[in-house]
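For reference, the structure discussed in these notes is given below.
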Amino acid sequence: MYNFENKNFTNCFGSYVFNDVVMKRRLPKEIYRALKRTISEGTPLAPNVAEVVATAMKDWAIENGATHYTHWFQPLNGFTAEKHDSFLTIDKSGEVAIAEFSGKELIKGEPDASSFPSGGLRATFEARGYTAWDCTSPAFLKEDMGGKTLCIPTAFCSYNGEALDKKTPLLRSVQAISKQALRILRLFGDNETTSVSVSCGAEQEYFLVDKEMFKKRADLVFTGRTLIGAKPPKTQEMDDHYFGTLKEKVSLFMKELDYALWKVGVSAKTEHNEAAPAQHELAPMYTTVNIAADHNQITMEFMKKIADRHGLSCLLHEKPFSGMNGSGKHNNWSLTTSGGVNLLNPGKTPSQNAQFLVFLCAVIKAIDENAELIRASAANAGNDHRLGALEAPPAIISIFLGDELANILEEIETGKKTGETEGGVLDIGVTTLPHFSLDTTDRNRTSPFAFTGNKFEFRMVPSSASIAGPNTVLNTVVAEALCEMADRLESADDFKTELKELLKETVKKHKRIIFNGNGYSDEWVLEAERRGLPNINNSVDSYRAFIYEKSINLFGKHQVYTRAELNSRYEIKMEKYIKIVCIEARTLIDMCNRQIIPACIKYSNLLATSIINIEKAGADAFTTKELLKKVTQDISMLVENTERLTKAVCESENMNDDFIAQAEFVRDNVARAMLDVREYADRLESTVDSEFWPVPTYSDLIYSV
């Protein structure tokens with residue numbers, strides 16, 4: 001167990017990071033300045049600079065106990081990848097081992113790419129792939145039982161330069177939105193800002209269960225969620241777990257997780273019990289979106305490793321338990337200038353407020369015009385089980401602004417003061433915004449995209465997914481909205497007049513996406529349909545948005561994805577959906593055939609024997625007979641539906657030459673058949689003697705820690 005005695009957490013933060021403080025101390029001034037220019041301005045890194053940086057990084061890593069280095073990247077399988085190389089090289093005599101690490105090795109690596117998903121970007125026999133150092137995300141040391149390894153964040157691309165990872169498109173999208181945001185700022189007289197960055201904070205939800213019980217559930221081991229499980233007598237209806245006192249075992253886990261994350265520079269800030277039993281959340285402080293994406297990948301990896309050391313298993317699936325809260329990843333998003341100004345923070349002067357309104361309306365316009373793409377960015381098989389209830393947002397994309405901002409937008413559209421806002425009237429014809437506090441707007445839990453004072457909270461992002469994909473899409477669609485606004489304002493004869501008309505037209509055209517009410521209500525579904533908002537309730541249909549001609553043109557215009565890269569991601573996502581659902585189905589079939597059905601038959605045999613003994617004794621066995629009849633009928637239906645599921649899986653596997661048809665079949669037949677199997681398995685769990693039930697129940701799992 002981790003020893004916390006005499007640990008000064010303020011000293012440990014960033015101690016395993018090759019950060020700015022370390023670089024300034026270890027690099028010559030001219031080398032440090034050159035590297036900082038590359039980081040801040042994107043200037044090419046000269047070979048001599050790379051050599052000096054590589055040597056300093058190697059020396060720092062070795063001094064801190066590292067023996068190996070790896071180019072740490074994020075391929076399209078949804079995880080991180082690393083190939084470890086030792087710093088040691090044998091000299092010509094073959095006797096002396098020396099530590100080497102060159103600038104070339106720092107900047108570029110060549111891992112085997114043949115087994116990573118590419119979606120047709122490269123042939124399977126083409127093994128070559130390249131990693132390229134991302135100097136904007138600092139290198140760090142990762143420590144485990146095997147020692148310490150220097151991890152160098154990198155992009156990953158094919159031999160022909162196509163992005164094979166999640167980092168590269170994200171970095172491209174950041175460049176795109178910075179370029180367009182600067183155009184808007186220049187129109188408002190800001191000539192000092194040199195770049196605009198995307199700030200992000202990803203709140204991570206997760207479950208903790210006992211590791212030994214986890215191992216006894218094949219569904220949790222193979223799929224990360226329970227495929228069967230009757231609802232226990234009590235779950236979250238008493239609201240007693242939310243923000244409740246941490247259990248000691250959980251507190252110890254969180255404490256070690258905090259220290260491990262702090263060392264690698266992840267600013268783990270807030271942790272608490274979530275709504276469902278065994279559910280928890282960790283929230284970091286905000287940072288640039290690229291680093292935030294890297295940090296969230298590290299967080300998920302550390303959660304699983306550290307939980308294991310504490311006799312726990314960490315579940316990151318979006319819906320580990322049916323009928324209880326699922327887990328999301330609330331993606332808090334905003335724009336920040338190089339001078340530290342949050343562009344989504346309403347200002348104190350009329351000019352600042354007008355500028356804020358442009359950026360606010362750009363986001364509204366972007367989300368409305370690209371609702372299907374936003375929905376697709378948050379789609380995966382796990383989220384199909386989560387969205388629409390129990391604090392998860394619905395599948396319908398809408399924006400929550402709160403009454404105060406909604407009233408201001410109404411004033412912009414109508415030109416009339418509602419009487420509910422403060423301040424005078426701007427000379428561009430709109431009401432001066434009041435100075436907002438961070439809690440002016442409520443955090444509507446039924447809204448997928450909510451304004452929360454000075455940022456937007458994208459609440460639809462799946463808990464197990466990288467935040468890189470959703471942010472890449474979000475950055476790009478907002479960049480396009482800003483681009484169209486800048487085009488219009490730059491060509492205007494009178495800026496203020498044109499600004500007034502632009503804001504008015506934008507609000508009028510896109511106000512349909514704004515909804516401050518209950519996203520769970522049946523009335524909202526009908527109202528959304530009336531407004532023309534899409535309601536896409538499954539991943540297979542969602543993914544199509546990536547290959548719309550409109551999407552291809554959008555991403556191509558801003559040089560974020562090529563047509564080939566979008567087609568590849570569509571194919572990868574569809575194939576992954578098929579694999580996930582079919583793995584779940586085969587696991588469920590195996591559990592039923594080898595565990596559930598045999599256990600239930602044993603119980604039914606016991607009941608039959610009891611009936612014989614009761615009647616031999618001259619007593620009435622009516623109650624036992626009725627129970628046996630019920631159990632026998634449910635077993636028969638479970639067997640029948642398990643066979644039907646088996647047939648559906650086999651049929652889907654014969655369709656693998658057409659991934660679109662196969663994905664649709666899996667969604668409509670395999671996933672549906674799994675629900676039918678579950679219905680009878682759960683009924684039997686509620687009837688069969690607990691001594692016969694072969695796997696831990698929901699009660700065992702959620703109250704085991």
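Values below: all heavy atoms of this structure, side chains included; hydrogens, waters and symmetry mates excluded. Predicted, not measured: the structure shown is a model, and the values here were computed from it. The first residue in the sequence is number 1, and the count goes up from there.
In summary, Lys304 and Asp308 do not engage in a salt bridge, as defined by a charged side-chain N under 4.0 Å from a carboxylate O. At a threshold of 4.0 Å, the pair Glu301-Lys305 counts as salt-bridged, since one of the basic side-chain nitrogens sits closer than that to a carboxylate oxygen. In this structure, Lys167 does not pair ionically with Asp165, as no charged nitrogen and carboxylate oxygen lie closer than 4.0 Å. The residues Glu372 and Arg375 are annotated as not salt-bridged, no charged nitrogen and carboxylate oxygen being separated by less than 4.0 angstrom.
Heavy atoms from other residues, nucleotides or ligands lying under 6.0 Å from OH of Tyr548 number more than 12. Within a 6.0 Å sphere centred on CD of Glu691, heavy atoms belonging to other residues, nucleotides or ligands number 12 at most. For Lys216, the NZ atom sits in a loose shell: 12 or fewer heavy atoms of surrounding residues, nucleotides or ligands are nearer than 6.0 Å.
Among the candidates Val688, Leu628, Asp634, the single residue satisfying the side-chain contact (heavy atoms from CB on, under 4.5 Å) test with Ser604 is Leu628. When the options Glu318, Gln279, Gln204 are evaluated for a side-chain hydrogen bond (donor to acceptor under 3.5 Å, both in side chains) with Ser327, the one that passes is Gln279.
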task = Walk me through it: do Glu575 and Lys579 pass the test salt bridge (charged side-chain N to carboxylate O under 4.0 Å, His left out)?
result = CA-CA 6 Å; Glu575 290 182 343; Lys579 290 175 182 177; 5.1 Å; no
task = Using the side-chain contact (heavy atoms from CB on, under 4.5 Å) rule, take Arg544 and Tyr570 through it: C-alpha gap first, then chi angles, then the decisive distance, then the call.
result = CA-CA 7 Å; Arg544 293 194 180 98; Tyr570 175 62; 3.9 Å; yes
key: Verdict with supporting geometry, Glu529 and Asn535, side chain to side chain donor-acceptor pair (under 3.5 Å)   = CA-CA 8 Å; Glu529 184 178 4; Asn535 183 4; over 6 Å; no
task = Please report the C-alpha distance between Lys629 and Glu626 in whole Å, then the side-chain angles of each, then the deciding distance to 0.1 Å, and finally whether the salt bridge (charged side-chain N to carboxylate O under 4.0 Å, His left out) criterion is met.
result = CA-CA 5 Å; Lys629 179 181 177 181; Glu626 288 298 308; 5.1 Å; no
message = With side chain to side chain donor-acceptor pair (under 3.5 Å) as the criterion, how do Asp541 and Asn538 come out once you've worked through the C-alpha distance, each side chain's angles and the decisive distance to 0.1 Å?
response = CA-CA 6 Å; Asp541 288 340; Asn538 66 89; 3.0 Å; yes
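Defined by atom type and a distance below 3.5 Å, a donor-acceptor pair is present between the side-chain atoms of Thr131 and His71. Side chains of Glu651 and Asn669: no donor on one and acceptor on the other come within 3.5 Å. Neither side chain, Gln74 nor Lys166, offers a donor N or O lying under 3.5 Å from an acceptor on the other. Looking only at atom types and distance, the side chain of Arg386 has a donor-acceptor partner in the side chain of Asn383 under 3.5 Å away. Between the side chains of Thr697 and Asp700, a donor-acceptor pair is found at a separation under 3.5 Å. With 3.5 Å as the limit, one finds no donor-acceptor pair spanning the side chains of Ser539 and Asn380. Residues Asn475 and Trp333 bring a donor and an acceptor atom of their side chains to less than 3.5 Å of each other. Counted by atom type alone, Thr687 and Lys630 present one or more donor-acceptor pairs between their side chains at under 3.5 Å.
Considering all non-hydrogen atoms of both residues, Val540 and Ala663 come closest at CG2-O, 3.9 Å. Between Arg569 and Pro169, the closest heavy-atom pair is NH2-CG, 4.0 Å. In this structure, Ser377 and Gly469 approach most closely via the heavy-atom pair CB-O, 4.5 Å.
Two residues are said to be in side-chain contact when any heavy atoms from C-beta on lie closer than 4.5 Å; Thr226 and Leu220 meet this criterion. The closest side-chain heavy-atom distance from Ile552 to Phe546 is not below 4.5 Å. Side chains of Val209 and Leu312 form no contact here, defined as non-hydrogen atoms less than 4.5 Å apart. Side-chain contact between Arg678 and Ser322: present, with at least one pair of heavy atoms (C-beta onward) separated by less than 4.5 Å. Leu208 is not listed as a side-chain neighbour of Ser313, based on a closest heavy-atom distance of 4.5 Å or more.
In this structure a side-chain-to-backbone donor-acceptor pair under 3.5 Å is missing from Glu271 to Glu281. Not one N or O on the side chain of Ser463 forms a donor-acceptor pair closer than 3.5 Å with the backbone of Lys329.
In this pair, Tyr206 and His280 present their aromatic rings tilted. The plane angle is within the 30 to 60° band. The aromatic rings of His385 and His317 are tilted relative to each other, their planes meeting at an angle between 30° and 60°. Ring geometry for Trp524 versus Phe515: interplanar angle under 30°, hence parallel rather than tilted (30 to 60°).
You'll find the ring centres of Phe449 and Phe458 inside the 6.0 Å limit.
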